[in-house]
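Below is one structure, written out as structure tokens; the observations come after it.
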Amino acid sequence: SNVNYDTFEIMTAAAVPEDCDILYISVPSIDYTESELALLESYLASGGDFIITAMYQENMPNFNKLLARFGVEAAAGVILEGDADHYLPNYPYAIFPVITVEHEISRKLTGSSYLPILSATALNKMEGNSALTFTTLLKTTDQAYLKKTSGGYITSVSKEKGDAEGPFPVGLFVEN
């Protein structure tokens, strides 16, 4: 697709490579250390661009600090989709979000009805930084609901009283 990419090991790197146009972070499985977070924040401060994909995970304070630098807060819980056309049969936490046409990026995906996300959480816009512009690229239907977890697991897939109701943004474009 005319994309050149390289990988680098954040655990041993002194900095993000200078020729990096966009840093793609794909579903971190463990939290960043303070020094790794500082490296990523330095790249951001120097005008670096990110694409970040994630799934809901507990105990990721440094990753959440990085998201906060983008004005984004991950909700505490896993989204379950209530519309059967928008989740994998028998797995309401394996969602097929609605692709919006609000941005050039997502308009290119129009017609793709299956862009699965496993264990998604809502990406909420934090208050306080008016310099940031948010565009929703992916969202759930209004039948989705957010389940709190217990020890990282959901205890029931049924919608219960107190579960937050959708739609929820699960893919954002944030611009400064």
Side-chain angles (χ1 to χ4, degrees), residues 1-81 86-88 91-100 103-110 112-126 132 134-140 144 146 149 152-154 168-176:
S1 296
N2 296 322
V3 174
N4 295 321
Y5 69 93
D6 251 333
T7 60
F8 82 101
E9 189 60 53
I10 193 168
M11 291 173 35
T12 57
V16 174
E18 288 185 23
D19 63 347
C20 180
D21 293 323
I22 298 174
L23 182 60
Y24 175 58
I25 298 175
S26 178
V27 190
S29 57
I30 58 172
D31 199 20
Y32 292 115
T33 65
E34 291 295 328
S35 62
E36 292 167 344
L37 177 61
L39 183 144
L40 296 171
E41 288 179 329
S42 174
Y43 175 70
L44 176 62
S46 68
D49 293 321
F50 288 78
I51 294 175
I52 301 173
T53 59
M55 59 188 279
Y56 176 73
Q57 296 179 58
E58 292 182 342
N59 302 317
M60 299 280 280
N62 287 332
F63 179 67
N64 289 329
K65 286 179 189 175
L66 179 64
L67 291 179
R69 292 289 306 253
F70 294 98
V72 175
E73 177 181 56
V78 175
I79 294 173
L80 281 81
E81 181 57 71
H86 288 274
Y87 67 85
L88 191 63
Y91 299 97
Y93 52 86
I95 67 172
F96 300 123
V98 175
I99 300 170
T100 69
H103 193 275
E104 174 186 355
I105 293 170
S106 52
R107 263 193 298 272
K108 293 177 181 180
L109 297 173
T110 302
S112 302
S113 56
Y114 300 109
L115 184 64
I117 301 177
L118 183 64
S119 300
T121 194
L123 301 175
N124 298 314
K125 195 170 43 167
M126 297 172 72
L132 298 175
F134 296 83
T135 305
T136 300
L137 303 177
L138 305 169
K139 65 182 180 179
T140 66
L146 186 72
T149 62
Y153 299 97
I154 54 174
F168 302 105
V170 295
L172 295 174
F173 180 79
V174 181
E175 190 171 27
N176 189 353

Shortest non-hydrogen pair, Phe134 vs Lys125, comes out as CD1-CD, 2.9 Å

Shortest non-hydrogen separation from Thr100 to Thr136 and the atoms involved: OG1-O, 2.6 Å

Sequence neighbours excluded and cut-off under 3.5 Å, please list the side-chain donor-acceptor pairs for residues 67-76, or say none.
none

Tyr56: what forms a ring-ring contact (aromatic ring centres under 6.0 Å, His included) with it, not counting sequence neighbours? none

Determine whether Ile10 and Leu39 make a side-chain contact, defined as any pair of heavy atoms from C-beta on separated by less than 4.5 Å. yes

Given side chains that start at C-beta, do those of Val170 and Pro97 come closer than 4.5 Å, heavy atoms only? yes

Looking at side-chain heavy atoms only, is the closest gap between Asp6 and Phe8 below 4.5 Å? no

Side chain proximity check, Ile95 to Thr140, heavy atoms < 4.5 angstrom: yes

Taking the side chain as every heavy atom from C-beta outward, state whether Met60 and Lys65 have any atom pair closer than 4.5 Å. no

Assert yes or no for the condition that the ring centre distance of Phe50 to Tyr43 is strictly below 6.0 Å. yes

Heavy-atom pair with the smallest gap, counting every atom of Ile79 and Ala144: CG2-CB, 4.0 Å

Within the distance-only criterion (no hydrogens, no angle test), does the side chain of Asp31 pair as donor or acceptor with the backbone N or O of Asn62 below 3.5 angstrom? yes

Beyond-backbone contact of Thr149 with Glu58, side-chain heavy atoms, under 4.5 angstrom: yes

Determine whether Leu66 and Ile52 make a side-chain contact, defined as any pair of heavy atoms from C-beta on separated by less than 4.5 Å. yes

Does a side-chain heavy-atom distance below 4.5 Å link Leu40 with Leu23? yes

For Thr33, what residues pass the side-chain contact (heavy atoms from CB on, under 4.5 Å) criterion, not counting sequence neighbours? Ser35, Glu36

